[in-house]
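Just below is one structure, and these are the notes that go with it.
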Amino acid sequence: MGKINLHEEDFCLWCEQQAKIIESLAIKDLDKKNLAEEIRDMGENRARELESCLCILFMHLLKWKYQPSK
């Protein structure tokens with residue numbers, strides 16, 4: 001079985017690492033600060049979306065168990 005890369009294993013951590021790499025670049029015209037922040041925000045948004053979906057799933061499972069008629 002092949003090695004899972006960080007992008008697949010922990011997307012939020014991967015985003016943070018990529019943002020740091022972008023910040024360290026010496027490209028003159030790159031808006032490093034805002035670009036890095038956007039990448040961080042994308043990772044955080046993805047984590048919040050996952051948390052929201054899990055909450056909804058758990059609520060449905062609890063309703064299914066304790067209110068099977070609904």
Side-chain angles (χ1 to χ4, degrees):
M1 191 150 102
K3 181 180 175 186
I4 297 175
N5 65 31
L6 188 58
H7 181 267
E8 295 172 4
E9 186 176 291
D10 188 338
F11 182 74
C12 294
L13 180 57
W14 177 85
C15 285
E16 182 63 32
Q17 286 182 347
Q18 298 307 303
K20 287 179 183 177
I21 291 168
I22 289 170
E23 286 175 331
S24 70
L25 294 175
I27 300 172
K28 181 181 176 184
D29 295 325
L30 184 65
D31 184 356
K32 294 183 286 186
K33 180 181 177 186
N34 287 323
L35 182 57
E37 187 63 32
E38 289 297 330
I39 290 172
R40 283 188 189 100
D41 288 346
M42 286 174 21
E44 291 169 7
N45 288 340
R46 193 162 181 183
R48 279 192 298 271
E49 289 173 18
L50 176 60
E51 182 180 352
S52 176
C53 288
L54 288 173
C55 286
I56 291 169
L57 174 63
F58 287 133
M59 287 189 322
H60 285 292
L61 290 172
L62 287 170
K63 286 180 184 179
W64 184 41
K65 181 174 181 172
Y66 294 106
Q67 297 177 339
S69 62
K70 294 184 178 186

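What you see below is based on every heavy atom in this structure, not just the backbone, and it leaves out hydrogens, waters and symmetry mates. In this chain, residues are counted from 1 in sequence order.
The two residues Gly43 and Cys12 have their closest heavy-atom pair at O-SG, 3.0 Å.
Under the side chain to side chain contact (heavy atoms under 4.5 Å, CB included) criterion, Tyr66 pairs with Leu62, sequence neighbours left out. Residues that satisfy the side chain to side chain contact (heavy atoms under 4.5 Å, CB included) test with Leu13, not counting sequence neighbours, are Leu6, Asp10, Gln17.
Here Glu49 contributes atom CD and Leu54 contributes atom CG; the two are 12.0 Å apart, rounded to the nearest 0.5 Å.
Criterion: ILVMFWY side-chain heavy atoms under 4.5 Å apart, direct or through other members. Under it, Leu57 and Leu50 are part of a common hydrophobic cluster.
Just one residue in the list Glu38, Met42, Glu37 forms a side-chain contact (heavy atoms from CB on, under 4.5 Å) with Arg40, and that residue is Glu37.
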